[in-house]
Amino acid sequence: MAKAPILAPRGDDFAQWYQDVVAKAELAENGAVRGTMVIRPYGYGLWERMQAEMDARIKACGAENVYLPLFIPESYLRREAEHVEGFSPELAVVTVAGNKPLEEPLVVRPTSETLFGELMAKWIQSYRDLPLLLNQWANVVRWELRPRIFLRTTEFLWQEGHTAHATQEDAAAYARRILIDAYRDFMVNVLAMPVLVGAKTARERFAGAVNTMTCEGMMGDGKALQMGTSHELGQNFAKAFGMEYLGDTGTLQHCWTTSWGTSTRMVGGLIMCHGDDDGLRVPPAVAHIQAVVMVVRDDDAGTVAGEGRRLVAELNAAGVRTRLDDQVATGFGRRATDWELKGVPVRIEIGPRDLAEGAVTLVRRDERTKAPAPIAGIAETVSGLLAEIQGNLLAQATAFRDSRLTDVASIDEAIEAGRTGFARIPWELVGDDGEDRLAEHAITVRCLQTPEGGVPDGDDGPLQAIVARSY
RNA sequence: CGGGACGUGGCGCAGCCUGGUAGCGCACCGCCUUUGGGUGGCGGGGGUCCCCGGUUCGAAUCCGGGCGUCCCGACCA
C-alpha cells in the first residue's frame, strides 16, 4: 500500500519537491543552453490561460498590443545611464552575424524600454497623441548566474507594457491602475494567490525608474516571490529618447512614462503556492483542463466509455474544459495519480457501478474528497464545484499567508520571523541601514505599504515594510 | 562569479576505492492477466559510462583539463 513517494516530500526538501513537480507534471524541462527552458504542452497550457486572462485585463485598461524586434542597437541601452548600468551584467550581445563582425553590437532585449522610447518619441507629436498605451507579449533574455526553472531563466516569456502620458499624475495613476486592476486582480481572482502590493525601496527599484510597485506572493516555504511589477519612469526615458509633445498652450514638454511586466515566473509561483505532496493543484480559472472524465473500467459493449464521451461533450458544451481519460489498459491508480500530479481540479470517475446508479464519482483535487453525484445536471454540479475549489484555494493560501505574516518591532525580530515567513515592521525602524542588516540574513524589503496594506502614494504618513527571504 | 555535491539506457541509481569491456528498479515494446488508488507474470528493445587529453596490453574505474546539473551565497522578473 505504502508506495515510495513520487515526489520529494514538500516539507522535507521544498526545492527538490518543486523540481519534481515540474518534471512529473510534465510542465517543463531544461533547454540545451544553460538557463533556457522547454515548456511542455501542459505547462504551456497554463501560460496560455494566464496570457488570455492578463491580456483581457490589460486591454480593459486601454492598452493595445504591438510587437517590437528582438534585437536592440547597443547604443540605445546606453542612453539612459541607470538603465544601462542596471542591465549590462545580464546582457547577451550579438557581435557576429552573417560570418562577419557587426559594426554595432546588437543586444538581445532584456526589456524594451529603450526601443519603446525611440519609437514613442517618433509617434508622439502633440498632447492629442497621449496617453499612448502599448503592450507586447515577447521573450526576453537576461543572462542569469543561477537559473531556476520558471522562476529565473535566462530566456523567459512575458508581457511588457509601456505607456507615455502628459503629466506625472496621469502616469502615476496608470502605473497604479495596472498594478491593482490588472495584476492584483488577476493574481487574486485567477491564480487564487493573495498577493501583497506595495512600493519597492530605492535599492530594489527597477533600473531607471523613479518608483517601482510590486505584487508579492508567499510561497509554500514562506519565501516571497515577486509576481509582477509596475514602474513610474518619471521623465528619465522621455529625456533620454526625446519623447516630447506640444501641449495645448503651445509649449514643448517631455512625456512621463511607465512600464510594467509579468512573466512565466508566475507559473513557478502557482506551483509553489498551491502545490502539495501529491503535486500541483491548479485553480480552476487557470486550468486548461478543469475536469477529467476518467473511465474506471469499461464493459464489453463499451457502454461506460460511451457514456464518458457523452459526458465530456456535455461538459465542454457547458463551458467546462474537460478531457476524457479512457486509457483503461493502464491501471486505475496510476492514472488517478497522474491527474493528481498535474493538479486537475476535478476528476469525474465513471465505472459500471456508477453507471448502474445513474451517477458518477466526483473527486476534488484540493481536498482529495470523493462523493457520488447524479449524471443528470452534471455540468451544473461540476461548475459549482469548480467555483468552490477556486474559492477554497484562495482561502487556504490566504490563511497560510496570514499564519506566516508576523508584526514585529525590531530588526532582530524581523530576522527571526523572516526565517519562516514575512515580517511586517514600521519602515522608520528599518531604513537603508536596516536593509543592510537584513541583507546579512538574506532578507530583503519586499515592499512598503500604508498601514492599511495599500500602495503608498507619497503622503501617507508612516509606512510598513514587508520583509522576507525571496526567490 | 565564490563554496559544496553530483554527471553511468528516457528517469532514479549500483559498479569506481582494489582497471579486464556494464548491471538493477521504474518507464518503453509484445503476449497473457488485471482494472473502484502507482496490477501481476513471461519475453524483448535500448547505453559514445558528460567531453577532451594522459597513464596502461587494457579505463566507467587512475591522473589532468574542460562542460553541465543541483544546493548554499552575492546579482536579478
Side-chain angles (χ1 to χ4, degrees), chain A residues 1-8 13-16 18-20 22-24 26 29-36 85-91 110-111 138-160 183 200 203-207 212 214-217 224-231 259-269 278-279 294-299 304 326-341 347 349-357 359-361 363 368 370 372 439-442 444 469-471:
Chain A
M1 191 71 195
K3 290 271 182 184
I6 296 153
L7 307 168
D13 188 343
F14 195 80
Q16 186 61 50
Y18 174 76
Q19 287 174 176
D20 286 352
V22 169
K24 297 282 175 54
E26 300 179 335
E29 57 196 57
N30 289 320
V33 174
R34 176 186 167 79
T36 60
E85 191 190 331
F87 277 104
S88 67
E90 307 180 59
L91 296 182
T111 178
N139 59 337
V140 287
V141 168
R142 298 179 186 177
W143 216 252
E144 286 293 344
L145 301 175
R146 193 182 161 190
R148 264 170 168 281
I149 201 155
F150 284 120
L151 301 175
R152 194 186 300 101
T153 47
T154 281
E155 180 188 11
F156 58 90
L157 305 181
W158 77 344
Q159 61 68 215
E160 52 175 321
Y183 290 178
K200 288 292 187 185
R203 71 172 67 185
E204 298 284 332
R205 225 173 256 158
F206 177 75
T212 289
T214 181
C215 295
E216 299 282 328
L225 182 72
Q226 181 173 308
M227 302 272 294
T229 49
S230 184
H231 317 288
S259 70
W260 24 279
T262 55
S263 73
T264 38
R265 169 179 275 190
M266 290 191 293
V267 178
D278 295 326
M294 196 174 147
V295 177
V296 175
R297 185 159 58 92
D298 208 354
D299 54 23
V304 182
D326 59 356
Q327 302 297 303
V328 290
T330 302
F332 170 84
R334 177 51 191 265
R335 290 184 289 147
T337 307
D338 283 345
W339 290 117
E340 276 163 12
L341 274 168
R347 207 165 63 237
E349 298 176 0
I350 180 168
R353 256 158 39 198
D354 302 292
L355 213 51
E357 306 280 328
V360 293
T361 303
V363 188
R368 282 206 226 62
K370 288 192 183 195
E440 289 167 17
H441 299 267
T444 50
R469 293 176 303 148
S470 73
Y471 280 96

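Reminder, nothing fancy here: chain letters follow the sequence lines and each chain counts from 1.
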- Query: Touch check for A:Leu151, heavy atoms < 4.0 angstrom, all strands: base, sugar-phosphate only, or nothing?
  - Reply: base

- Task: Give me the ring orientation class for A:His231 and A:Phe206: parallel if the planes are under 30° apart, tilted from 30 to 60°, perpendicular past 60°.
- Result: parallel

- Query: Given that A:His441 and A:His231 both sit by RNA chain B, which one's nearest nucleotide is further toward the 5' end?
  - Reply: A:His441

- Message: Can you tell me whether the side chain of A:Lys370 and the base of B:G37 have a donor-acceptor pair closer than 3.5 Å?
- Response: yes

- Note on the structure: Heavy-atom nearest nucleotide on RNA chain B taken for A:Thr153 and for A:Glu349; more 5' hit belongs to A:Glu349

- Task: In whole angstrom, give the distance that lies between atom CD of A:Glu85 and atom C1' of B:C75.
- Result: 13 Å

What does the list of N/O pairs under 3.5 Å between the protein and nucleotides 27-30 of chain B look like, with a distance for each?
none

- Message: Less than 4.5 Å apart, side chain to side chain, heavy atoms only: is that true for A:Val304 and A:Asp354?
- Response: no

- Query: Can you tell me how far P in B:G12 sits from the matching atom in B:C71, rounded to whole Å?
  - Reply: 14 Å

- Which whole-number value in Å describes the distance from A:Asp354 CG to B:G37 C1'? 14 Å

- So, does A:Arg142 use its side chain to make a donor-acceptor pair with the main chain of A:Pro110 at under 3.5 Å? yes

- Which value, in whole Å, describes the distance between the P atoms of nucleotides B:G68 and B:U8? 16 Å

- Scan A:Ile149, A:Asn139, A:Leu157 and name whichever one has a side-chain contact (heavy atoms from CB on, under 4.5 Å) with A:Thr264. A:Leu157

- Task: Check every strand shown and say whether A:Ala439 touches a base, only sugar-phosphate, or nothing at a heavy-atom separation below 4.0 Å.
- Result: sugar-phosphate

- When you compare B:G64 with B:G2, how far apart are their C1' atoms, in angstrom units rounded to a whole number? 23 Å

- Message: Work out how far the C1' atom of B:G36 is from that of B:G43, and round it to whole angstrom.
- Response: 31 Å

- Task: Output the single nucleotide from B:C76, B:U35, B:A77 whose closest atom is nearest the side chain of A:Val296.
- Result: B:U35

- Expected output: side-chain A:Tyr18 to main-chain A:Asp13 donor-acceptor under 3.5 Å: no

- Item | Nearest-Å distance for atom pair CD/C1', residues A:Glu29 and B:C11 | 11 Å

- Contacts of A:Arg34 meeting side chain to side chain contact (heavy atoms under 4.5 Å, CB included) (sequence neighbours excluded), chain-then-number -> A:Pro147

- Find the distance A:Asp338:CG to B:C26:P and express it as a whole number of Å. 16 Å

- Message: Could you work out, with salt bridge (charged side-chain N to carboxylate O under 4.0 Å, His left out) as the rule, every residue matching A:Asp298, not counting sequence neighbours?
- Response: none

- Nearest-angstrom distance from the residue atom CD1 of A:Ile350 to P of B:G36: 16 Å

- Query: What does B:C42 pair with, Watson-Crick or G-U, if both distances are under 3.5 Å?
  - Reply: B:G30

- Message: Applying salt bridge (Lys or Arg N to Asp or Glu O under 4.0 Å) to A:Glu340 and A:Arg347, what does each step give before you reach the verdict?
- Response: CA-CA 9 Å; A:Glu340 276 163 12; A:Arg347 207 165 63 237; 3.1 Å; yes

- Is A:Arg142 side chain donor-acceptor paired with the B:C76 base, going by distance under 3.5 Å alone? no

- Separation of the P atoms in B:C24 and B:C67, to the nearest angstrom: 35 Å

For nucleotides 68-71 of chain B, print each protein N/O atom paired with a nucleotide N/O atom at under 3.5 Å, atom names and distance only.
from  : atom 1 : to      : atom 2 : distance (Å)
B:U69 : OP2    : A:Arg34 : NH1    : 2.3
B:C70 : O3'    : A:Gln19 : OE1    : 2.8
B:C71 : OP1    : A:Gln19 : OE1    : 3.3

- Message: So which atom in A:Cys215 and which in A:Tyr183 form the shortest heavy-atom distance, rounded to 0.1 Å?
- Response: SG-CB, 3.9 Å

- What do the steps show when you test A:Val140 against A:Phe156 for side chain to side chain contact (heavy atoms under 4.5 Å, CB included), and what is the final call? CA-CA 6 Å; A:Val140 287; A:Phe156 58 90; 3.4 Å; yes

- Message: If I take atom CZ in residue A:Arg297 and atom C1' in nucleotide B:U34, what distance separates them, rounded to the nearest angstrom?
- Response: 10 Å

- Message: Has A:Arg335 got a side-chain atom pairing as donor or acceptor with A:Val295's backbone, closer than 3.5 angstrom?
- Response: yes

- Message: Within the 4.0 Å heavy-atom criterion, would you say A:Thr111 contacts the bases, only the backbone, or no part of the nucleic acid?
- Response: nothing

- Query: Is there a Watson-Crick or G-U wobble partner for B:A5 with both distances under 3.5 Å, and if so, which one is it?
  - Reply: B:U69

- Classify the nucleic acid contact of A:Thr214 as base, sugar-phosphate or nothing, counting any heavy atom under 4.0 Å across all strands shown. nothing

- Query: When rounded to the nearest Å, what value does the distance between C1' atoms of B:U35 and B:U48 take?
  - Reply: 42 Å

- State which of B:G37, B:A77, B:G36 makes the closest approach to the side chain of A:Arg353. B:G36

- Message: Taking pairing as Watson-Crick or G-U wobble with both contacts under 3.5 Å, can you name the mate of B:A74, or confirm there isn't one?
- Response: none

- Task: Quote, to the nearest angstrom, the P distance that separates B:G7 from B:U61.
- Result: 13 Å

- In the strands shown, is B:C11 matched to any nucleotide by a Watson-Crick or G-U wobble pair with both distances under 3.5 Å, and which? B:G25

- Item | Spacing of the C1' atoms in B:G20 and B:C26 (rounded, Å) | 31 Å

- Query: A:Tyr183 has an atom OH; how far is it from atom P of B:A77, in whole Å?
  - Reply: 13 Å

- For A:Lys370, the salt bridge (charged side-chain N to carboxylate O under 4.0 Å, His left out) test, sequence neighbours excluded, returns A:Glu349

- Query: A:Gly351 near the nucleic acid: base, sugar-phosphate alone, or nothing, with a heavy-atom cut-off under 4.0 Å?
  - Reply: base

- A:Thr262-A:Gln159 side chain donor-acceptor pair, cut-off 3.5 Å: yes

- Message: How long is the straight-line distance from NZ of A:Lys200 back to CZ of A:Arg205, given to the nearest 0.5 Å?
- Response: 11.5 Å

- Query: Applying a 3.5 Å limit to both distances, which nucleotide forms a Watson-Crick or G-U wobble pair with B:A60?
  - Reply: none

All N/O contacts under 3.5 Å from nucleotides 45-52 of chain B to the protein, with atom names and distances to one decimal?
none

- Find the distance A:Leu145:CG to B:C72:C1' and express it as a whole number of Å. 15 Å

